[in-house]
Amino acid sequence: MQINIHTDNDINKAAGAAAAADDRLRVDLCGITLDNPVIAASGTFGYGYEFAEIYDINALGTFSFKGTTAEPRFGNPTPRIAETASGMLNSVGLQNPGVDKVIAEELPKLKKVFHKPVMANVSGFSTEEYAHVCELLDKEEQVGWLEVNISCPNVHGGGMGFGTDPAMAAEVTRAVKAVTTKPVIMKLTPNVTDIASIAKACEAEGADGIGLINTLLAMRIDLRNRRPLLKNGTGGMSGPAVFPVAVRCVYQVAAAVNIPVVGLGGVASAEDVIEMMMAGATAVQVGAMNLTEPCICRKIIEELPETMDRLKIDRLKDIIGAAH
Amino acid sequence: MKQVNLTVKRNTPVADNVIAMTLEGDVGAIRCPGEFINIKVDGGFLRRPISVCDVDTVSTGTKRIEKEAQEAFGVSLYNAPEIGGDEEREVQGSVTILYKVVGKGTEILAKCQKGDVLDVLTGLGNGFDIRNAGDAPWLIGGGIGSAPMMMLAKQLIEDGVRPTVLLGFRTEAEMFLHHDLYEIGCDVFVATEDGSYGRKGFVTDLIRDKAESLYCSYIYACGPGAMLKAVKGCIRETWPEETPGTELSLEERMGCGFGACMGCSIMTVNGPKRVCKDGPVFKAEELVWE
């Protein structure tokens, strides 16, 4: 399947140079062209509107919207945010209005500010729920990819449970693929012994791509009251502190599968994007940094060309997996 | 929301453990009292959200922001367009915040020197709505939660209303803002927990006292969660028949401060709301206290 997001076929001479420059950043993710490999990660970008207040989010390759479940969810009790050196912990717990409201309200609103295919992030508590939500979002014209989160560490009896067992990861992949037509990217947790085996199980059931990593299971303790800082006890750690873990996981998975890998985890700069791609990522998501530097994605995209010049990289697509 | 670089003009203690910081630069995105700004601190990952205490523009004070909003968009400040609006509005001036040194972030802030430049997100949150005030509004602050009452009081006074201010502190040494609020024309009453100044007791005791002699058209309150719960209960008990409308400004641990991460959500009668984006100010009847 090919969705070309550049509809202007009559590129005049003046635009020619710009188009050639654009080609330096362009990548293909599961048959859909991205203007650049930078994707804002789910859970850090809402439905895009907050960021659209301060920059044109169409500069992004795309973004992955807030994790969506069948029913509305409030998530975990607060406090559900804690800080750590070069990063943060969250235990939000998949707060979202539910898939029906996302389709009825959020997507039409999003259409006004974002004109590219968006990545739909889906979560669930049963194989049937994943399949049901994916089937509904698959029918939405704005949705380019389905990103299936089998890796949320903040919900009990769901989420990460599916991503820590190859057989269960395979089952969810199979169920989702059976009811969808759009590319399915399985988003994995790093909280496992052998992440490559999970990725391979997803690939064997027809996954079109693998996204990784979700957050690392973590905890902070309030020294004054001697209790965990997060009301939920544990939370997921993200931010620049986890970047090397993510690079390692992306490298291992890229070596094990023949489908595109979306790398994420602590990405904070154009250099980080390039490092992730060299590890084997076709596209790169930016997560926690959006929360502290709201313009970080635009900044990274703007800095990519000069960083590439410095590193003698002609086109980004040429360096995917270069470190192997 | 607008990301701006602001220059530290002053960073001095005003009471025990309470510091007033004045930052100069483009404050055009700050629309109304009760909003907050989110400051990047060296060595911290998350920004530090702190309430706006006061804003001064180079020319004629806060009123000018409203006027400029009207000129720029042809609508009231409260209806200014959400998308793109802040980016386009630049107003030079200064913003003052008051903060308590409670942890790593505020310790770093306390070390800032005059002339330091800070990376700040401005124009955050949904503040107090002064259109609801009526002719005798009460402003209730507890501890550091008293900070936003300055800008609120100034705007009410500019509208020709004389606010009654009730402040609660632990002890006299921790008191601040009571003189400033008096000097701009508010009726100010203070309670301290240890009785070292004003009435001994809590701000709820002041509410009960003053309700006997003073009329109240509307209530704006900010302070710790436990105080706000007590204030809400006290208001209902004090005026069981015609309870004055009440807006409460909440505090919650935040991730982004602009509505993206859902870190600070609370449940309300109207479903989940983000303290940073839908609040921090909520109507009292919207809140469901656990």
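In this text the structure is predicted, and so the values were computed from the model without any measurement. Chain identifiers are assigned alphabetically (A, B, ...) following the order of the sequence lines, protein sequences preceding nucleic acid strands; residue numbering begins at 1 within each chain.
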Handout entry: Gap between atom CD1 of Ile81(A) and atom CE of Met254(B) - 0.5 Å precision
Key = 10.5 Å
Practice task
Heavy-atom pairs under 4.5 Å with chain A are the metric here; pick the option from Gly255(B), Cys264(B), Gly271(B) that has the most.
Solution key: Gly255(B)
Problem - Phe51(A) versus chain B, the contacting section by heavy-atom distance below 4.5 Å - result: side chain
Completion exercise
Note: vs chain B, highest number of non-hydrogen pairs under 4.5 angstrom among Gly239(A), Pro294(A), Ser86(A), Pro79(A) is Pro294(A)
Practice task
Pick whichever of Gly87(A), Pro97(A), Pro72(A) has the most heavy-atom pairs under 4.5 Å with chain B.
Solution key: Gly87(A)
Problem - Over 12 foreign heavy atoms within 6.0 Å of NZ, Lys101(A) - result: no
Problem - Leu229(A) versus chain B, the contacting section by heavy-atom distance below 4.5 Å - result: side chain
Exercise for the section: Flag the pair Glu53(A) and Lys277(B) as a salt bridge only when some basic side-chain nitrogen lies within less than 4.0 angstrom of an acidic carboxylate oxygen. Expected result: yes
Exercise for the section: Tell me, yes or no, whether the heavy-atom count around Lys40(B) atom NZ, taken from other residues, nucleotides or ligands under 6.0 Å, exceeds 12. Expected result: yes
Problem - Residue Asn290(A) versus chain B: region with a heavy atom under 4.5 Å - result: backbone
Handout entry: Whether over 12 other heavy atoms sit under 6.0 Å from Glu140(A) CD
Key = yes
Fill in the blank from the handout: Ranked by heavy-atom pairs below 4.5 Å to chain B, first place among Gln95(A), Lys66(A), Met289(A) goes to Gln95(A)
Problem - Salt-bridge contact Glu83(A)-Arg253(B) (side-chain N to carboxylate O under 4.0 Å) - result: no
Handout entry: Pairing of Arg47(B) and Glu293(A) as salt bridge, 4.0 angstrom limit
Key = yes
Handout entry: Contact origin within Ala288(A) toward chain B - heavy atom pairs under 4.5 Å
Key = both
Fill in the blank from the handout: Between the CE atom in Met267(B) and the OG1 atom in Thr78(A), the distance rounded to the nearest 0.5 Å is 11.5 Å
Problem - Arg80(A) and Ser265(B), any side-chain heavy atoms less than 4.5 Å apart - result: yes
Problem - Which atoms of Ile266(B) approach chain A - backbone, side chain, both or neither, heavy atom under 4.5 Å - result: backbone
Exercise for the section: Let me know if Asn38(B) has heavy atoms under 4.5 Å from chain A in its side chain, its backbone, both or neither. Expected result: neither
Practice task
Walk me through it: do Thr84(A) and Phe45(B) pass the test side chain to side chain contact (heavy atoms under 4.5 Å, CB included)?
Solution key: CA-CA 7 Å; Thr84(A) 191; Phe45(B) 181 69; over 6 Å; no
Handout entry: Over 12 non-hydrogen atoms of neighbours within 6.0 angstrom of CG in Asn270(B)
Key = yes
